Amino acid sequence: MRDLDYLRLLSEKFPSRRKCLSEIINLNAILGLPKGTEYFFSDIHGEDRAFIHLLRSSSGVIRDKINEIFEGELSEEEKRELSHLIYYPQRELAQRRLDGTESRLWQKAVIYRLIRVCRAVSKKYTRSKVRKKMPADYAYILDEMLHTDEHEADKQVYFESIIDTIVENEAAESFIGELCDLIHNLSIDSLHILGDIFDRGPRADLVMEELMRYKDVDIVWGNHDINWMGAACGNEACICNVLRTAIGYNSFDVLEDGYGINLRALSMFAEEVYGSDDCERFRPHLLDENVYDTVTPELAAKMQKAITIMQLKYEGQLIRRHPEYGMQERLFLDKIDTERAEVLIGSRVYRLMDTNFPTIDWAFPYRLTEAEQRLMDTLRASFMHSSLLKKHIGFLYSHGSLYKSCNGNLLYHGCIPMQEDGSFMKLSFNNMQLSGKSLMDFLNGRIREAYYLPEDDPDKQDALDLLWYLWCGKGSPLFGKDKMATFESIFLNEPELKKENMNAYYRLSKDVSTVDRILREFGLSTDHGHIINGHVPVKRLEGELPYKAGGKLFMIDGGLSKAYQKKTGIAGYTLIYNSQSIALAEHMPFVPGEESSPRVEIIEHMSPRVRVQDTDDGRELMEQIKDLKELLEAYRDGRIEES
């Protein structure tokens with residue numbers, strides 16, 4: 001029962017019984033509508049062109065709608081042209097201007113066709129919801145056109161007049177672009193990103209720009225995202241890891257052209273220190289070519305070695321500051337014997353494959369040289385002062401979290417850390433033993449403190465350090481492995497040392513009982529709930545399936561990143577959850593200019609059909625209806641006067 005003060009506040013928005021009743025009727029009608037379509041993507045890894053194509057095509061759904069609407073009316077080539085216009089309106093319109101094929105007659109015809117597609121993708125939404133997704137400048141016109149039947153004799157002239165006015169006033173290109181954007185936003189009612197937007201691929205910055213165009217998007221952070229978040233907040237170990245990974249995958253464009261990170265100081269330092277060293281073990285993976293910043297593989301190798309040594313120093317300092325991380329075995333520099341070219345790991349000695357360490361003072365191996373410190377000051381300032389990076393990291397924080405419960409499903413990137421016996425792994429932070437949901441909630445709060453605490457807060461540094469731990473710590477729910485074998489992979493030849501062992505979660509979560517235990521831990525139903533996560537590529541070439549535990553858990557990292565496609569054999573998954581089914585779209589490698597249809601498999605049929613009343617939004621609407629009914633009763637018995 002709401003108190004009178006609350007009801008009086010509510011009455012300011014609904015000042016009469018009539019308005020109150022009208023809103024109750026409206027909300028009840030919305031509850032009966034089919035739920036909107038949710039799209040889930042994971043592990044984008046900077047693959048801007050492939051991801052943007054999946055997003056703008058709604059993973060093939062828009063082409064299916066076009067085939068359905070214009071069957072027998074348009075040729076295959078005309079349907080292909082229309083779909084590509086919807087996906088890439090600016091590019092296609094520019095090409096038509098260049099070709100001289102953008103006539104006024106074509107503009108009128110294509111506006112008619114786009115309106116028909118727009119109606120098809122909007123039919124299960126309320127008029128008010130569609131209006132909210134419309135661009136403000138054209139909202140009135142679009143609302144009229146979507147809800148006017150141009151085939152009615154009385155309306156035909158009216159409809160044609162609107163289009164004629166748009167074309168004659170040279171507003172057709174702008175209008176077509178806005179119509180295409182509206183189709184994108186209506187096709188994907190809500191968009192869920194399950195982490196790892198950054199690293200490996202060429203342009204994570206362009207991925208972020210695309211995500212920010214969508215009206216309803218949320219993100220659960222991946223370990224690669226948290227690494228960039230740490231770098232943007234000034235964590236030196238994270239800055240080194242970001243640079244090492246980007247240079248290692250030849251991703252100079254995202255650093256310099258995308259975020260304006262000045263690498264000149266690093267390249268000069270690397271050339272000076274390692275000029276005579278071929279740095280062969282640091283040569284980059286040439287998966288993508290840089291368009292704006294071509295760096296020779298030889299210089300890139302020197303740059304990567306320079307930043308890797310700095311990374312090992314900063315990580316050593318951080319591990320020593322935080323014994324609670326339990327990562328002392330990741331300290332290597334103080335265990336190197338340069339005369340013998342060996343390193344002690346555990347109780348065994350291993351031969352080093354690279355022994356040129358001109359910047360290490362073996363009396364104080366984790367101390368930076370003055371030149372390294374000046375270099376880091378420059379790099380740190382560049383990361384922290386990048387306006388575009390600030391904008392993107394701000395978006396990650398405002399739209400992101402460590403996990404999310406959504407419509408009965410549990411979303412996270414990596415894992416819920418577990419012991420081999422199936423119990424939740426306990427980690428110690430701030431003299432507390434935390435596991436399961438309490439661990440995730442604590443870490444979620446600390447991640448936010450790393451960003452939001454003022455620079456002079458004494459707790460700021462600890463929160464910043466934790467971002468690095470979440471990137472690669474053995475108990476991190478984002479990482480999910482016992483170690484990140486950077487040192488072993490570069491400096492040693494023993495394959496067994498390079499193996500990164502997965503947390504027990506990845507074995508145990510194949511069983512229904514484990515998935516049910518996790519769902520209960522987060523307060524979700526074991527009858528209808530699912531876990532959706534990524535992080536670990538599904539090896540389809542080896543017959544591995546993306547759904548486990550009887551279809552209650554989905555691993556949707558299918559290898560959108562080119563770095564993984566030799567292992568997976570495919571190029572990513574889209575999980576699509578609409579009112580009638582949960583389906584997986586399996587994609588093949590993206591080829592620019594070619595449109596391939598995904599293989600779609602329906603995993604679960606919804607019976608009965610899922611309505612808005614069955615969703616999180618529906619529960620909020622029912623609470624609003626309850627409040628409005630109380631207000632209505634207050635009007636009726638005179639406790640509150642109508643205006």
Side-chain angles (χ1 to χ4, degrees), residues 35 38 40 42 190 192-195 218-222 400-429 432-447 470 475-481 502-536 538 545-557 575 577 581-582 584 603-608 610-611 613-620 622-623:
K35 75 173 282 295
E38 299 174 74
F40 301 79
S42 182
S190 56
H192 308 289
I193 307 298
L194 274 78
D218 55 69
I219 299 164
V220 292
W221 304 310
S401 56
L402 196 57
Y403 72 92
K404 182 178 179 66
S405 299
C406 183
N407 295 329
N409 298 315
L410 181 60
L411 284 53
Y412 49 79
H413 175 71
C415 68
I416 306 300
M418 304 188 84
Q419 303 282 11
E420 289 295 335
D421 64 2
S423 62
F424 294 122
M425 180 183 286
K426 289 183 170 65
L427 298 178
S428 295
F429 294 104
M432 297 183 293
Q433 290 278 306
L434 301 166
S435 64
K437 186 176 184 296
S438 65
L439 172 66
M440 299 293 274
D441 288 336
F442 170 81
L443 294 175
N444 194 61
R446 293 296 277 163
I447 292 168
L470 291 171
S476 165
L478 292 178
F479 183 50
K481 300 178 185 179
M502 306 300 294
N503 183 266
Y505 165 89
Y506 292 98
R507 176 180 61 81
L508 297 168
S509 61
K510 297 175 184 178
D511 297 327
V512 173
S513 60
T514 299
V515 172
D516 285 347
R517 185 181 307 126
I518 294 171
L519 289 171
R520 284 193 297 268
E521 172 74 5
F522 285 83
L524 297 174
S525 167
T526 58
D527 294 329
H528 306 292
H530 306 83
I531 292 173
I532 307 170
N533 73 290
H535 188 50
V536 178
V538 176
L545 294 173
Y547 43 89
K548 308 175 191 302
K552 299 186 83 169
L553 180 143
F554 295 96
M555 293 274 190
I556 60 170
D557 179 2
L575 185 70
Y577 176 27
S581 66
I582 296 176
L584 271 170
I603 308 299
E604 185 176 337
H605 289 277
M606 300 294 115
S607 182
V610 183
R611 304 283 174 181
Q613 65 190 12
D614 306 311
T615 67
D616 294 342
D617 286 345
R619 281 180 277 280
E620 288 185 16
M622 284 187 273
E623 284 297 313

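FYI, side chains are in, hydrogens and waters are out, and symmetry mates aren't considered; it's all heavy atoms of this structure. Only a predicted model underlies this, so the values are computations on that prediction, with no experimental measurement involved.
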Check [X] against [Y] and note the closest heavy-atom contact, atom names and distance.
X: Ser42; Y: Leu194; answer: OG-O, 3.4 Å
X: Leu410; Y: Ser405; answer: CD1-OG, 3.9 Å
X: Leu478; Y: His413; answer: O-CD2, 3.7 Å
X: Asn503; Y: Met418; answer: OD1-N, 3.0 Å
X: Glu521; Y: Lys437; answer: OE2-N, 3.0 Å
X: Leu575; Y: Ile582; answer: CD1-CG2, 3.6 Å

Could you measure the distance from the [atom1] atom of [X] to the [atom2] atom of [Y]? Nearest 0.5 Å is fine.
X: Leu427; Y: Leu434; atom1: CG; atom2: CG; result: 7.5 Å
X: Met555; Y: Lys548; atom1: CE; atom2: NZ; result: 6.0 Å
X: Asn533; Y: Ile416; atom1: CG; atom2: CD1; result: 8.5 Å
X: Thr526; Y: Arg520; atom1: OG1; atom2: CZ; result: 6.0 Å
X: Cys406; Y: Glu38; atom1: SG; atom2: CD; result: 4.5 Å
X: Leu553; Y: Thr514; atom1: CG; atom2: OG1; result: 10.0 Å

For this session: Provide the full list of ring-ring contact (aromatic ring centres under 6.0 Å, His included) pairs with a residue in residues 504-528, sequence neighbours left out, each pair given once.
Result: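 Residue pairs passing ring-ring contact (aromatic ring centres under 6.0 Å, His included), neighbours aside: Tyr403-Phe522.
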Problem set entry | Qualifying residues under side chain to side chain donor-acceptor pair (under 3.5 Å), relative to Ser428, sequence neighbours excluded |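 Ser428: side chain to side chain donor-acceptor pair (under 3.5 Å) contacts with Gln433.
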Exercise. Any idea how Phe554 and Tyr547 line up, ring-wise: parallel (<30°), tilted (30 to 60°), or perpendicular (>60°)?
Worked result: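 Taking Tyr547 first and then Phe554, their aromatic rings stand perpendicular (interplane angle over 60°).
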Problem set entry | salt bridge (Lys or Arg N to Asp or Glu O under 4.0 Å): pairs with one or both residues in residues 507-519, sequence neighbours excluded | Glu420-Arg507, Asp516-Lys552
For this session: Flag the pair Leu470 / Pro477 as yes when at least one side-chain heavy-atom distance between them is below 4.5 Å, and no otherwise.
Result: yes
Exercise. Within a strict 4.5 Å, meaning less than it, do heavy atoms of the Phe40 and Leu411 side chains meet?
Worked result: yes
Exercise. What's the verdict on salt bridge (Lys or Arg N to Asp or Glu O under 4.0 Å) for Arg619 and Asp616, showing C-alpha distance, side-chain angles and the deciding distance?
Worked result: CA-CA 5 Å; Arg619 281 180 277 280; Asp616 294 342; 2.8 Å; yes
Exercise. Does Asn409 use its side chain to pair, donor to acceptor, with the backbone of His530 at less than 3.5 Å?
Worked result: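 Yes; at least one donor-acceptor contact below 3.5 Å.
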Exercise. Is the backbone of Arg611 close enough, under 3.5 Å, to the side chain of Asp614 for a donor and an acceptor to pair up by distance?
Worked result: yes
For this session: Go through the steps for Trp221 and Asn444 under the test side-chain contact (heavy atoms from CB on, under 4.5 Å), then give the verdict.
Result: CA-CA 10 Å; Trp221 304 310; Asn444 194 61; 3.4 Å; yes
